[in-house]
Amino acid sequence: MEKNTEGTLAIVLLVLIQGVLVSGAVEVRPSINPAVVGTSVTLSLSPSTTLKSGSWAVGESLILTWMGDQQAVFPSYSGRASVNILTGALNLSSVTVADSGVYVVQSSDIQLKANASITVLEPISNVTLRANQTELMEFNSSAVATCSVSSGSSLSFLWMNGSSEVTASNRVRLTDRNSTLTIVNVTRYDQGPFRCCVSNPVSNGTSNPVNFTISYGPDNMALTVNGQNTTSFLIGSNLTMLCSVQSNPPAQLRWAFRGQRVNTTGPLLQLFNVSENQSGAYSCLAFNNHTNMNSNIATHIKIAKPSLSGSEPQAVNVWLLPLLLVVASLFSLSGKL
Ligand SMILES: *[C@@H]1O[C@H](CO)[C@@H](O)[C@H](O)[C@H]1NC(C)=O
Ligand SMILES: *[C@@H]1O[C@H](CO)[C@@H](O)[C@H](O)[C@H]1NC(C)=O
Ligand SMILES: *[C@@H]1O[C@H](CO)[C@@H](O)[C@H](O)[C@H]1NC(C)=O
Ligand SMILES: *[C@@H]1O[C@H](CO)[C@@H](O)[C@H](O)[C@H]1NC(C)=O
Ligand SMILES: *[C@@H]1O[C@H](CO)[C@@H](O)[C@H](O)[C@H]1NC(C)=O
Ligand SMILES: *[C@@H]1O[C@H](CO)[C@@H](O)[C@H](O)[C@H]1NC(C)=O
Ligand SMILES: *[C@@H]1O[C@H](CO)[C@@H](O)[C@H](O)[C@H]1NC(C)=O
Ligand SMILES: *[C@@H]1O[C@H](CO)[C@@H](O)[C@H](O)[C@H]1NC(C)=O
Ligand SMILES: *[C@@H]1O[C@H](CO)[C@@H](O)[C@H](O)[C@H]1NC(C)=O
Ligand SMILES: *[C@@H]1O[C@H](CO)[C@@H](O)[C@H](O)[C@H]1NC(C)=O
Ligand SMILES: *[C@@H]1O[C@H](CO)[C@@H](O)[C@H](O)[C@H]1NC(C)=O
Ligand SMILES: *[C@@H]1O[C@H](CO)[C@@H](O)[C@H](O)[C@H]1NC(C)=O
């Protein structure tokens with residue numbers, strides 16, 4: 001028993017040593033790798049060698065053997081494989097994805113065994129992006145988009161929102177080997193357009209854009225009067241109040257004065273030749289009929305008489321100035337004492 005084991009070990013070692021020596025000397029070089037489906041690949045030996053006989057196999061299955069000028073191609077490769085009987089180079093045509101693998105050449109004349117790995121890829125065609133639902137509610141719904149191809153192998157997916165790349169985060173998930181994009185609790189900034197870019201080492205393709213319609217608001221309201229934040233005006237002025245709001249779809253806007261609805265809708269409320277009794281709180285009320293939400297903003301307007309003493313403050317100041325100077329100098333004197 002023991003002797004037997006030793007003998008086997010010796011043979012294994014011999015084979016290993018020979019294998020290492022020869023494979024160090026000769027390499028298999030594919031004409032192209034990765035290769036595109038339907039094309040031809042030639043596997044040549046480098047440096048070129050003269051082989052009288054040998055065989056080619058991929059994984060465990062034999063492709064062909066040759067001896068002198070005779071070659072025998074295995075039925076599953078007939079018409080697709082041939083060997084150059086002088087150099088031992090294998091030519092495999094009309095390759096398919098299934099032809100990917102480790103190709104091993106073996107020859108008994110010079111104890112040669114070498115291999116090369118080949119990947120056959122299908123080019124990508126017809127990249128399609130689909131969303132299962134495009135009408136979404138901000139903070140309430142999730143956007144799901146799935147990217148698919150009609151053909152293509154070894155796919156990598158890259159997602160774009162406009163011109164920025166989409167990366168995974170706590171709200172953004174990429175699943176199914178990155179072919180599905182899920183945005184949880186969408187916000188108004190998630191409308192897209194989204195695209196998926198699919199690539200493999202031999203081709204690439206970009207999908208159609210997909211937009212989401214996200215309902216949001218009304219919120220972030222602002223109210224200006226005559227384009228300013230001022231709230232005091234003179235009798236006889238004309239006032240243009242402008243109400244702005246973020247909302248999708250656009251909010252319906254109404255107005256109220258001292259808590260009572262006024263007969264004006266839309267973003268503008270105009271008052272001509274105002275009088276004192278038009279002082280009070282003006283509100284802009286917003287309603288979004290998709291989110292079913294309300295919001296409002298109010299401003300307190302004061303309409304004042306153009307007082308007769310309108311020019312008095314300046315006159316007073318003129319008289320006050322010397323007095324102030326006196327007081328100031330008194331203070332500075334007392335400060336020094
Ligand atoms: C390999 O085979 C294909 C198809 O038979 C042929 O077109 C091509 O020229 C061959 N290539 C070489 C290097 O012999
Ligand atoms: C291919 O050759 C390398 C050394 O060149 C060897 O390590 C590897 O086991 C070989 N693979 C096969 C499948 O023969
Ligand atoms: C592209 O893919 C879509 C969905 O998979 C399919 O409906 C369409 O027919 C394909 N178009 C072409 C030209 O292959
Ligand atoms: C869209 O996909 C999400 C998650 O897979 C699912 O919850 C939702 O019901 C789907 N919507 C439609 C309209 O199929
Ligand atoms: C999405 O919103 C729900 C309800 O507001 C919340 O419970 C959940 O944590 C949110 N998920 C993420 C990922 O923000
Ligand atoms: C998915 O994409 C990320 C980058 O966004 C990448 O790091 C990861 O390797 C990809 N996963 C697969 C299975 O391709
Ligand atoms: C996509 O393919 C085109 C040719 O079809 C090539 O010019 C381009 O560089 C490729 N882009 C990427 C990112 O691989
Ligand atoms: C998607 O949105 C972009 C701008 O955000 C717009 O230019 C484009 O027309 C929209 N596409 C569709 C199909 O609605
Ligand atoms: C009005 O006031 C708000 C906040 O106080 C400010 O953000 C805004 O710029 C002001 N608008 C004008 C026209 O001064
Ligand atoms: C107010 O508007 C009216 C009508 O447009 C105009 O005749 C009047 O001159 C305006 N008054 C002021 C103070 O701008
Ligand atoms: C409000 O306006 C509408 C149409 O502009 C008009 O028919 C209606 O009489 C007005 N109501 C009041 C109270 O002014
Ligand atoms: C909802 O509001 C939009 C925009 O204000 C309007 O065009 C639409 O007719 C409204 N729909 C309903 C059902 O009231």
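Predicted model, so just to flag it, every value in this text is computed and none were measured. One-based numbering, in listed order, for ligands and for the atoms of each. Below, each value reflects all heavy atoms present in this structure, side chains not excepted, and no hydrogens, waters or symmetry copies.
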A.B. asks: Would you indicate which of Asn226, Leu234, Asn238, Leu239 comes nearest to atom 6 (C) of ligand 10 when only heavy atoms are counted?
C.D. replies: Asn238
A.B. asks: Val104, Leu92: one ILVMFWY side-chain cluster at the under-4.5 Å cut-off?
C.D. replies: no
A.B. asks: At what distance is the nearest protein heavy atom to atom 12 (C) of ligand 6, and which residue and atom is it?
C.D. replies: Asn178 ND2, 3.5 Å
A.B. asks: By the definition side-chain contact (heavy atoms from CB on, under 4.5 Å), identify the one residue from Asn161, Val166, Leu129 that meets it with Leu181.
C.D. replies: Val166
A.B. asks: Say whether Asn288 and Ser247, considering side chains only, have a donor N or O and an acceptor N or O under 3.5 Å apart.
C.D. replies: yes
A.B. asks: For atom 5 (O) of ligand 6, what's the nearest protein heavy atom and its distance?
C.D. replies: Leu174 CD1, 4.1 Å
A.B. asks: Judged by atom type as modelled, is there a donor-acceptor pair below 3.5 Å linking the side chain of Asn126 to the main-chain atoms of Ser150?
C.D. replies: no
A.B. asks: Just to confirm my output: which protein heavy-atom neighbour is closest to atom 13 (C) of ligand 6, and how far is it?
C.D. replies: Arg177 CA, 4.0 Å
A.B. asks: With respect to Ser93, determine whether any N or O atom, backbone or side chain, lies less than 3.5 Å from an N or O atom of ligand 1.
C.D. replies: no
A.B. asks: Does the Asn84 side chain pair with the main chain of Leu86, one donor and one acceptor, at a distance under 3.5 Å?
C.D. replies: yes
A.B. asks: Check ligand 1 against Thr42 and write out every atom of the ligand that is under 4.0 Å from a heavy-atom position of the residue.
C.D. replies: 13 (C)
A.B. asks: For ligand 1, which atoms, with element, lie under 4.0 Å from some heavy atom of Ser40?
C.D. replies: 3 (C)
A.B. asks: So, for Phe194 and Phe212, is the gap between ring centers shorter than 6.0 Å?
C.D. replies: yes
A.B. asks: Does atom 2 (O) of ligand 1 have any protein heavy atom closer than 4.0 Å?
C.D. replies: yes
A.B. asks: Going by distance alone, is a donor N or O of one side chain under 3.5 Å from an acceptor N or O of the other, for Ser151 and Ser125?
C.D. replies: yes
A.B. asks: Atom 9 (O) of ligand 1: which protein heavy atom is closest, and how many Å away?
C.D. replies: Asn91 ND2, 4.7 Å
